[in-house]
Amino acid sequence: MLASPEPKGLVPFTKESFELIKQHIAKTHNEDHEEEDLKPTPDLEVGKKLPFIYGNLSQGMVSEPLEDVDPYYYKKKNTFIVLNKNRTIFRFNAASILCTLSPFNCIRRTTIKVLVHPFFQLFILISVLIDCVFMSLTNLPKWRPVLENTLLGIYTFEILVKLFARGVWAGSFSFLGDPWNWLDFSVTVFEVIIRYSPLDFIPTLQTARTLRILKIIPLNQGLKSLVGVLIHCLKQLIGVIILTLFFLSIFSLIGMGLFMGNLKHKCFRWPQENENETLHNRTGNPYYIRETENFYYLEGERYALLCGNRTDAGQCPEGYVCVKAGINPDQGFTNFDSFGWALFALFRLMAQDYPEVLYHQILYASGKVYMIFFVVVSFLFSFYMASLFLGILAMAYEEEKQRVGEISKKIEPKFQQTGKELQEGNETDEAKTIQIEMKKRSPISTDTSLDVLEDATLRHKEELEKSKKICPLYWYKFAKTFLIWNCSPCWLKLKEFVHRIIMAPFTDLFLIICIILNVCFLTLEHYPMSKQTNTLLNIGNLVFIGIFTAEMIFKIIAMHPYGYFQVGWNIFDSMIVFHGLIELCLANVAGMALLRLFRMLRIFKLGKYWPTFQILMWSLSNSWVALKDLVLLLFTFIFFSAAFGMKLFGKNYEEFVCHIDKDCQLPRWHMHDFFHSFLNVFRILCGEWVETLWDCMEVAGQSWCIPFYLMVILIGNLLGLGGLRKLTITVEEEAGMSFTLQQQGEVQSEGTLPVSGIGELI
């Protein structure tokens with residue numbers, strides 16, 4: 001959309017306008033008006049770019065207070081806006097209350113200019129990224145205090161700039177009106193107290209500094225908006241969460257009644273006649289129940305064999321008797337002996353993490369009849385409640401989408417009308433300018449001047465079209481001179497003959513069969529291969545490379561190089577051919593076997609002849625672009641969780657490693673360093689978390705490990721489900737649009753026969 005040559009609707013915020021706004025707000029409080037139905041305009045939210053229908057932004061209006069262009073804030077709120085050179089909208093409260101300077105104070109104006117400048121936000125973002133890298137290090141360098149003090153000074157300076165520019169508390173756009181500022185201020189103050197206080201704080205409290213990683217979210221408007229949408233969805237899920245906790249509590253109580261103490265049943269060695277006295281003396285020891293040599297172990301198992309006193313429960317071998325002794329399985333963390341542990345076991349079943357082990361443990365200790373309990377729990381929580389979560393989440397996304405759509409529909413006609421008026425005005429001004437210039441140049445008759453005017457207008461449009469081209473004009477001249485081959489009549493006849501062959505439907509059918517056969521040949525590779533199979537596959541590879549090379553050459557002859565490389569699929573085909581030729585040339589070079597992997601790209605050649613495949617691939621690519629903010633948010637959360645876990649549990653894994661490994665060696669999954677902590681968090685998000693949680697509780701205790709794991713599981717799954725739903729909606733929209741365009745194209749081309757296509761041949 002074209003912008004008007006002069007600003008439209010952008011008015012400097014002065015003392016007079018400030019008084020008018022206050023009078024208008026006071027009047028609306030005393031009288032009833034229809035303006036109460038106003039809502040904020042989505043296109044004029046904080047962080048978005050000002051639409052061009054409001055005109056060009058003159059240099060004098062950059063970083064200066066302007067009257068709010070949103071009718072909702074202009075008529076109901078005492079605010080003003082500031083635009084930076086990128087036209088990004090910043091909104092401030094104008095009221096001078098609670099330690100808030102006047103909008104016309106020179107100190108506040110200066111800090112506003114600093115706050116809205118793009119380089120200031122970039123500087124803060126770079127500082128946060130440096131801090132993130134620094135927090136991921138295990139062995140800190142000697143200059144660590146210098147860097148920490150520098151970063152702390154930068155964050156303190158940012159808070160002071162925001163306090164002076166926005167005021168302490170003067171409305172929703174003040175410093176304390178933004179929850180992210182609360183987080184930033186709290187972390188900074190807490191860090192100052194910890195660093196410069198003489199008191200020795202608990203090391204776990206020093207992990208609060210890792211909250212600085214979340215500062216990336218408010219620095220990116222897309223992430224900030226996405227967090228708002230997810231919080232809205234979470235509010236919609238409160239009812240389902242309460243219902244889930246209610247059912248979990250009920251089944252936990254049922255589990256306590258059925259299985260309390262059963263998981264301590266173990267096969268105990270029955271004493272012989274000459275061992276009675278020794279056994280009596282040893283069992284008098286209160287610590288005897290923890291001695292393990294008298295329990296029965298299956299080969300390779302870490303825990304003793306469970307058993308039960310029912311006929312359908314697990315039975316002990318000869319010489320052993322089933323008694324209640326020792327500790328519960330899985331380092332004592334799997335049991336139904338209390339409500340908390342029963343709730344934990346039910347949550348584990350709901351999350352479907354290692355459920356088959358718990359299933360076998362209960363059946364061995366209590367009996368096979370209790371299989372019904374697990375069937376009911378698995379069906380209710382793993383399927384029904386999960387479907388309910390997805391349904392509520394989908395409804396929340398749909399409501400948010402409909403709300404934004406309704407607001408856009410109300411505002412779009414106004415924008416379109418204003419845009420059309422501006423465009424018509426620009427075209428009229430251009431036509432008048434050209435006409436005046438032509439009259440000045442040649443005082444000839446009116447008819448002649450009109451003809452010249454039309455020619456000048458056409459030339460002007462051609463120049464505009466040329467200016468839109470990506471490459472310079474001399475490249476187009478070079479391409480048309482050397483890449484369009486019209487040499488002689490014989491060459492043109494050859495070109496026409498090759499064009500008929502290569503564009504024929506039978507040729508397309510032959511190429512499709514070759515692509516499918518090539519894929520089949522690729523699937524025949526295995527290890528080890530016989531010499532005959534290897535020779536057959538090599539010959540097949542040479543044949544297919546030759547066919548694809550011939551296809552490329554014939555198409556270049558038929559379409560000219562200029563026309564051939566204008567088509568994206570032809571460029572892809574040429575890359576496949578060049579890769580095959582390079583692979584043949586480097587076949588005997590050591591270390592080039594990696595090139596064989598790119599043979600798999602040949603399967604995508606089918607997309608050229610398969611329209612549905614093209615539509616789906618195009619939809620998926622566009623959906624990933626739409627999900628960039630969600631992917632960035634998920635990565636930020638994983639990075640924060642990894643750094644937080646390393647700071648919280650890293651030393652515990654080093655000090656108490658002997659509790660989880662008899663050789664006192666760190667296990668494969670731990671959080672002693674950032675890399676392993678990152679892998680551990682990723683494993684938790686993949687659904688494999690209970691085994692690493694047992695190790696964590698052994699080294700760091702239950703009070704910190706369980707909340708940390710619950711945070712990662714719940715927030716990670718919320719982001720994952722939100723991303724899945726958004727991906728589904730985006731793919732549906734893109735695919736629906738693509739199919740609609742395809743149907744319209746088929747209707748428009750009805751009655752015409754395409755040059756090539758396997759569909760016509762069939």
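Values below: every heavy atom of this structure, side chains too, minus hydrogens, waters and symmetry copies.
Counting heavy atoms from C-beta on, the side chains of K85 and L57 never come closer than 4.5 Å. Contact of the F644 side chain with the V681 side chain is not registered, since no non-hydrogen atoms from C-beta on lie closer than 4.5 Å. Contact check for M711 versus P707: no side-chain heavy atoms found under the 4.5 Å cut-off. Proximity of D131 to L147: side-chain heavy atoms (C-beta onward) are nowhere separated by under 4.5 Å. Using a 4.5 Å heavy-atom cutoff, the side chains of F175 and W169 are not in contact. Annotation: side chain of M61 is not in contact with side chain of L83 (no heavy-atom distance under 4.5 Å). L211 places a side-chain heavy atom less than 4.5 Å from the side chain of F640. Contact annotation: the side chain of L237 approaches that of L718 to within less than 4.5 Å [non-hydrogen atoms, C-beta and beyond].
Of the inter-residue distances, the one linking L685 atom CG with L634 atom CG reads 6.5 Å to the nearest 0.5 angstrom. Interatomic distance, L714 CG to L719 CG, rounded to the nearest 0.5 Å: 11.0 Å. The CZ atom of F639 sits 10.0 Å away from atom OG of S677, with the distance rounded to the nearest 0.5 Å. Considering OG1 of T636 and CD1 of I216, their distance stands at 5.0 Å, rounded to 0.5 Å. Note that OG of S127 is 9.5 Å distant from CG of L219, once rounded to the nearest 0.5 Å. Taken from CG in L152 to CZ in R212, the straight-line distance is 7.0 Å, to the nearest 0.5 Å.
With sequence neighbours excluded, the residues forming a salt bridge (Lys or Arg N to Asp or Glu O under 4.0 Å) with R109 are E64, listed by chain and number. Considering only residues two or more places apart in sequence or on other chains, Y155 meets the ring-ring contact (aromatic ring centres under 6.0 Å, His included) condition with none of them.
Smallest separation of non-hydrogen atoms from L115 and K162: CD1-CG, 3.9 Å. Closest non-hydrogen pair, F674 versus A642, comes out as CE1-CB, 3.7 Å. Scanning both residues, D68 and D70, for their nearest heavy atoms gives OD1-N, 3.1 Å. Of all heavy-atom pairs between V82 and P65, the closest is CG2-CA, 4.0 Å. In terms of heavy-atom proximity, M646 sits nearest to H672 at CG-O, 3.9 Å. Between G177 and P179, the closest heavy-atom pair is O-CD, 3.7 Å.
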### Message
For a side-chain contact (heavy atoms from CB on, under 4.5 Å) check, start with the C-alpha distance between F173 and V46, then their side-chain angles and the critical distance, and finish with the verdict.
### Response
CA-CA 10 Å; F173 299 103; V46 174; 3.7 Å; yes

### Task
Check the pair I154, T150 against side-chain contact (heavy atoms from CB on, under 4.5 Å), reporting the backbone distance first and the verdict last.
CA-CA 6 Å; I154 292 172; T150 303; 4.3 Å; yes

### Message
Determine whether V116 and I112 satisfy the following criterion, side-chain contact (heavy atoms from CB on, under 4.5 Å), listing intermediate values before the conclusion.
### Response
CA-CA 6 Å; V116 303; I112 286 176; 4.3 Å; yes

### Task
Go through the steps to decide whether K215 and E158 satisfy the test salt bridge (Lys or Arg N to Asp or Glu O under 4.0 Å), and finish with yes or no.
CA-CA 12 Å; K215 190 176 175 62; E158 180 197 10; 2.8 Å; yes

### Task
Go through S225 and V229 one step at a time and tell me if the side-chain contact (heavy atoms from CB on, under 4.5 Å) criterion holds.
CA-CA 6 Å; S225 302; V229 173; 5.6 Å; no

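Side-chain rings of F190 and F185 stay apart, their centers remaining 6.0 Å or farther from each other.
Using a distance-only test at 3.5 Å, with no hydrogens or angles considered, a donor-acceptor pair links the side chain of S136 to the main chain of V133. Not a single donor-acceptor pair under 3.5 Å links the side chain of R209 to the backbone N or O of V187. With D629 contributing its side chain and L223 its backbone, the two residues share no donor-acceptor pair below 3.5 Å. With T88 contributing its side chain and N84 its backbone, the two residues share no donor-acceptor pair below 3.5 Å. Not one N or O on the side chain of N680 forms a donor-acceptor pair closer than 3.5 Å with the backbone of H676. Without hydrogens or angle criteria, T41 side chain to D43 main chain gives no donor-acceptor distance under 3.5 Å. Side-chain atoms of N78 never come within 3.5 Å of backbone atoms of A94 as a donor-acceptor pair (strictly under, hydrogens ignored). S63 places no side-chain N or O within 3.5 Å of a backbone atom of K113 that could act as its donor or acceptor partner. With hydrogens and angles disregarded, a donor-acceptor distance shorter than 3.5 Å links the side chain of R108 to the backbone of A165. Judged purely by atom type and a 3.5 angstrom limit, S186 uses its side chain to pair as donor or acceptor with the backbone of W182.
Judged by a 6.0 Å distance limit and a 45° cone about the ring axis, R144 is not positioned over the six-membered ring of F134. Geometrically, R91 does not engage F80 in a cation-pi contact defined by less than 6.0 Å to the ring centre and at most 45° from the axis.
Side chains of T138 and D673: no donor on one and acceptor on the other come within 3.5 Å.
Annotation: M575, atom CE; neighbour count of heavy atoms from other residues, nucleotides and ligands within 6.0 Å does not exceed 12. With a 6.0 Å radius and a threshold of 12 heavy atoms from other residues, nucleotides or ligands, F682 has its CZ atom at or below the threshold. Within 6.0 Å of atom CD in Q59, 12 or fewer heavy atoms from other residues, nucleotides or ligands are found, so the atom counts as exposed in its surroundings.
Each of I89, L44, V11 was checked for a side chain to side chain contact (heavy atoms under 4.5 Å, CB included) with V69, and the lone residue meeting it is L44.
Ring orientation note: the planes of F104 and F13 are close to parallel, at an angle under 30° on the 30°/60° scale. Aromatic ring orientation, F92 versus F90: parallel (interplanar angle below 30°, classes split at 30° and 60°).
With salt bridges taken as basic N to acidic carboxylate O contacts below 4.0 Å, none links R166 and D178.
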